[in-house]
Peer 1: 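One structure follows; several queries about it will come next.
Computation of the quantities below employed the complete heavy-atom set of this structure, encompassing side-chain atoms and omitting hydrogens, waters and symmetry-equivalent molecules. When a ligand or atom number is given, it counts from 1 through the structure's own listing order. All values reported here derive from a predicted model rather than from experimental measurement.
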Amino acid sequence: MPVADYATYCEMLDRARKGRFAYPAVNVTSLSTANGVLKGLAESKSDGIIQVSTGGAAFASGTAVKDMVLGAISIAEHVHRVAARYPIYVALHTDHCQADKLDTFVNPLVDETERRRAAGQPNLFSSHMFDGSALPLNQNLDIAVKLLERFQKNDLILEIEAGVVGGEEDGVKASAAAKLYTTPEDTLEVARRLNTVKGARYLLAATFGNVHGVYKPGHVKLKPSILKDCQDAVVKQFGEAARFHLVFHGGSGSELEDIHNAIDYGVVKMNVDTDMQYAFTRAIADHFFRNYDGVLKVDGEVGSKKAYDPRSYLALAEAALAQRVKKAVEELRATSTTMMAVGV
Ligand SMILES: [Zn+2]
C-alpha cells in the first residue's frame with residue numbers, strides 16, 4: 001500500500017490506543033534499511049512507522065553532500081514508491097529536531113509538503129517531531145503551538161517532547177542533570193496549550209526514565225506508571241478527548257513488562273533504533289567472519305566476488321533487520337493488526 005494518508009494514519013493511532021498495541025518506529029538511513037523495515041512489517045502483517053533523524057538524513061544524501069533535507073526527501077520518495085508493493089500501511093516521520101534545527105530541517109520539509117499539496121500530490125512526510133525538551137516548557141510549547149497551527153492546515157501530525165530522554169542520539173547528548181521523568185503538571189500544560197489548536201493531532205513523548213541506546217541490566221530505571229499518572233490527570237482536567245497518544249523513546253533494550261505497561265497507559269509508537277542497528281550489522285559481521293578469505297584478498301589470493309559483492313551481505317542484513325522488526329512488532333502486540341487485513 002502507499003504511505004498512509006492523514007485519515008489512515010489517525011485511524012492507525014486511534015486503533016492502537018484502543019486495542020492496546022503500538023507501532024514500531026524504526027530509524028532508517030538507506031534504501032537497504034528502509035526495505036528491511038517494510039519487509040519485517042509486511043511479514044508481521046503490521047502497519048508501522050519509518051523515521052529519519054537529522055543525522056540519518058544527512059548521511060542518506062551522501063557523505064560528500066551532507067544535506068539533511070535532500071537526504072530526507074530522497075528516503076521519503078523511495079518509501080513512497082516501494083511501499084505500494086507491500087500489503088501494509090506505513091507512515092513517514094522525522095525524528096528529534098531541536099529548535100535550532102527547525103529552519104534547516106522540519107520547516108523546509110513542510111515547505112516541500114505544501115508545494116506537493118498545491119500540485120495535488122500526497123504529503124512528503126506524515127508527521128514530524130519537534131524536540132524542545134532542552135528549553136523551558138513554556139518556550140517549548142510556544143514553538144510547538146506555532147508548528148501545530150501550520151501542521152493542522154497540512155494534515156501533518158506533530159510529535160513533541162516534555163521531559164528529557166537520556167543518553168545520546170545522533171551526537172546530541174542529554175545533560176547529566178536532565179529531567180528524565182515528566183510530571184503530570186507538565187503534561188496538563190501540554191494539553192492546555194496544544195488543545196487550543198482545533199482539529200490538530202499531536203503525539204506526546206512523555207519521559208519515564210527513557211534512555212537512548214542499550215545498556216547493561218540495572219542501568220535504566222523505567223517507571224511507566226508515570227504515564228498513567230499523566231493520563232489520569234489530563235482526563236480528569238480536560239475530559240476523555242484529551243487523553244494522549246504517547247511515544248516511547250529509547251525503546252531498544254527495554255524489558256517486555258515495561259513495554260506492555262507503557263502500551264497499557266497509552267503508548268502507540270515506540271522508537272527502536274539501536275536494536276535495529278545491531279541486528280543489521282550483526283548479519284554483516286557474521287558474513288565477514290565466515291567468509292574471511294572471500295571478502296578479503298589474503299596471501300596473494302583474489303578473494304571471492306560473490307562474497308564481497310555488497311548485495312550479498314546487504315541482503316543478509318536486510319533480512320536480519322526484518323526479523324528484528326518482526327520481534328519488535330510482536331513485543332508491541334501489533335502482529336496481524338494491519339488495517340489492510342480488516343479491510344479498513
Ligand atoms: Zn528519541
Peer 1: Can you hop from I143 to L137 via hydrophobic side chains spaced under 4.5 Å?
Peer 2: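 Yes, one cluster joins them.
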Peer 1: Taking N154 for the side chain and L156 for the main chain, is one N or O donor matched with an acceptor at less than 3.5 Å?
Peer 2: no
Peer 1: Take F105 and H128, measure what ring-ring contact (aromatic ring centres under 6.0 Å, His included) needs, and give me the verdict at the end.
Peer 2: CA-CA 10 Å; F105 190 57; H128 299 278; 7.6 Å; no
Peer 1: Would you kindly confirm whether Y278 and V26 end up in one hydrophobic cluster when ILVMFWY residues are joined by side chain heavy atoms under 4.5 Å apart?
Peer 2: no
Peer 1: With ring-ring contact (aromatic ring centres under 6.0 Å, His included) as the test, would you mind laying out the steps for F208 and F248 before giving the verdict?
Peer 2: CA-CA 9 Å; F208 51 102; F248 184 158; 4.9 Å; yes
Peer 1: For distances below 2.8 Å, what is the count of protein N, O or S atoms around the Zn ion (ligand 1)?
Peer 2: 3
Peer 1: Of D273, T207, N271, N210, which meets side-chain hydrogen bond (donor to acceptor under 3.5 Å, both in side chains) against H249?
Peer 2: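 Among the candidates, only N271 passes.
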